[in-house]
Number of protein chains: 2
Amino acid sequence: MTDRLQESSKNALSFACKRNHALCIEEALEHAKRVCERAGERFTDLRKQVFAIVWAEHKPVKAYDLLSELSSIRKGVAPATVYRALDFLKSQGLVHKLESLNAYLGCSQPETEHHGHFLICECCEEVRELAFAPFSQSIDEIEKAQKFQIKHTTIELLGRCIKCQ
Amino acid sequence: MTDRLQESSKNALSFACKRNHALCIEEALEHAKRVCERAGERFTDLRKQVFAIVWAEHKPVKAYDLLSELSSIRKGVAPATVYRALDFLKSQGLVHKLESLNAYLGCSQPETEHHGHFLICECCEEVRELAFAPFSQSIDEIEKAQKFQIKHTTIELLGRCIKCQ
DNA sequence: GATCTAATGTTATGTTATAACATATCTTTA
DNA sequence: TAAAGATATGTTATAACATAACATTAGATC
């Protein structure tokens with residue numbers, strides 16, 4: 001077993017955020033483009049700009065903040081413009097909505113399967129998407145036991161990160 | 001092992017909702033009153049009325065729907081009136097907010113420890129609070145592994161209930 | 001390049017939630 | 001029991017979040 005594997009095993013529950021946000025914006029845009037192509041969708045200028053703004057912030061972004069940032073690089077921007085782009089990016093899994101914050105976050109794990117499970121620090125507002133999916137099994141159990149067919153999960157854990165304790 | 005226990009074991013993942021909603025409103029109000037007394041808080045008329053309306057619906061209630069219902073039995077009702085009462089009831093664990101719906105639900109398990117984990121049917125809009133807490137262990141693991149101190153969880157699973165499949 | 005479809009622009013409005021300050025009610029205690 | 005302090009509610013205004021509806025533009029297809 002290599003060091004790398006050992007480390008990854010030790011950190012089975014570690015966040016992907018840090019590593020993935022090392023991805024530069026160019027790589028992220030490249031990836032987003034590929035995702036859209038694969039889906040037969042267009043990665044238009046608007047979508048690209050919105051994606052870039054959300055991605056650039058490593059914190060959740062409010063729709064109206066996005067709107068005002070977007071306005072500085074583009075004209076004719078109204079709420080609908082932003083919400084449509086966000087809806088599209090969500091549909092492609094490139095952006096997540098944090099329901100408990102009414103805010104949007106660039107997906108931190110573009111290349112790997114991801115689950116949309118978040119840790120939100122109430123203090124520094126940093127949000128991390130869990131790389132590991134500790135809830136998957138529980139979710140499977142619930143589906144079987146309840147005969148409830150789960151289509152979307154909203155899992156957001158609010159608390160204090162290690163730096164803020 | 002009694003039949004009752006066997007049944008409860010078989011249904012370890014079963015919902016509490018149905019059983020608990022058999023609680024009549026009077027019992028629920030009684031319980032809410034006790035909760036407030038224990039906390040040294042006042043269960044005022046306003047709070048009682050808001051609680052009763054939320055409880056009466058077995059579905060999630062929107063704040064502004066609540067507002068209009070409340071207006072029919074009370075005057076001088078404004079949004080702040082409703083939101084303040086809801087905040088209070090949430091703080092006592094008597095009502096939950098469903099973040100993904102922007103709606104409020106009376107707690108279905110007033111007498112037992114509960115976790116605020118929900119199954120939401122996208123079709124019939126029925127919402128069930130999980131009696132069982134399949135996520136508790138995962139949450140403990142995350143806290144340890146990440147040294148992230150969790151204070152509040154938002155766990156809402158959207159899908160189709162057995163009736164709507 | 002005509003036609004169709006998807007995306008965006010534009011205007012208006014709907015929905016959800018809070019701020020700020022005035023008034024009323026409850027509790028405590030002199 | 002009246003005064004003082006604390007808590008709750010009334011009231012007005014506005015902030016924050018999101019979508020509807022229809023016009024226009026840009027891309028894709030033939």
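Each chain gets a letter, A, B and so on, in the order the sequences are listed, and its residues count up from 1. Side-chain atoms are counted along with the backbone in the values below, which use heavy atoms only and exclude waters and symmetry mates. All figures in this text were calculated on a predicted structure; none of them were measured in a lab.
A/D87 and A/K90 are joined by a salt bridge, as a carboxylate oxygen and a charged side-chain nitrogen come within less than 4.0 angstrom of each other. Ion pairing between a basic and an acidic side chain is recognised when a charged N comes within 4.0 Å of a carboxylate O; B/K151 and A/E122 show such pairing.
Nearer to the 5' terminus of DNA chain C, by closest-nucleotide assignment, is the contact made by A/F88 (compared with the other of A/F88 and A/P79). Mapping B/A103 and A/A85 onto DNA chain C by nearest heavy atom places A/A85 at the nucleotide closer to the 5' end.
In this model, the phosphate group of D/dT11 is not approached by any side-chain N or O of B/K75 to a distance below 4.0 Å at OP1 or OP2. The phosphate of D/dA18 (OP1 or OP2) has a side-chain N or O of A/Y104 nearer than 4.0 angstrom.
Distance A/L98 CG to D/dA18 P: 11 Å, rounded to the nearest Å. As a whole-Å value, the separation of A/Y83 OH from C/dT13 P is 19 Å. Put simply, CG on B/D87 is 16 Å from P on C/dT16, counting in whole angstrom units. Rounded to whole angstrom, the span from the CG atom of A/L46 across to the C1' atom of D/dG27 amounts to 15 Å. Atom CG of B/N102 and atom P of C/dT16 are 6 Å apart (whole Å). Spacing between atom NZ of B/K62 and atom C1' of D/dT19 amounts to 13 Å, rounded to whole angstrom units. Between A/D45 atom CG and C/dT8 atom C1' there is a gap of 12 Å when expressed in whole angstrom units. In this structure, the CD atom of A/E41 is 11 Å from the P atom of C/dT8, given to the nearest Å.
Here CZ of B/F118 is found 4.5 Å from NE2 of B/H96. Values are rounded to the nearest 0.5 Å. Between the NZ atom of B/K62 and the CG atom of B/L98 there is a distance of 10.0 Å, given to the nearest 0.5 Å. Here OH of A/Y83 is found 11.5 Å from OG1 of A/T81. Values are rounded to the nearest 0.5 Å. One distance of note links CD1 of B/I120 with CD of B/E129; it measures 11.5 Å at 0.5 Å rounding.
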Please produce a list of atom pairs where a protein N or O lies less than 3.5 Å from an N or O of nucleotides 20-25 of chain C.
none

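B/T154 places none of its side-chain heavy atoms less than 4.5 Å from the side chain of A/E99.
In this structure, A/V50 and A/A85 approach most closely via the heavy-atom pair CG2-CB, 3.7 Å. Here the closest heavy-atom approach between residue B/L101 and residue B/P60 is recorded as CD1-CG, 3.9 Å. Contact record, B/K59 with B/C124: NZ-O, 3.6 Å, taken as the closest heavy-atom pair.
Comparing the axis of the opening five pairs of the helix from C/dG1-D/dC30 to C/dA30-D/dT1 with that of the closing five pairs yields an angle of 30°, rounded to 10°.
Only A/Y64, listed by number, bring a heavy atom of residues 63-71 of chain A to less than 4.0 angstrom from any atom of DNA chain D.
Residues B/S100 and B/E156 bring a donor and an acceptor atom of their side chains to less than 3.5 Å of each other.
Within 4.0 Å (heavy atoms only), B/T44 reaches sugar-phosphate atoms of the nucleic acid but no base atom.
The aromatic rings of B/F51 and B/W55 lie parallel to each other, with less than 30° between the two planes, well short of the 60° mark.
Which of D/dG10, C/dA17, D/dA8 sits closest to the side chain of B/K97 comes down to C/dA17.
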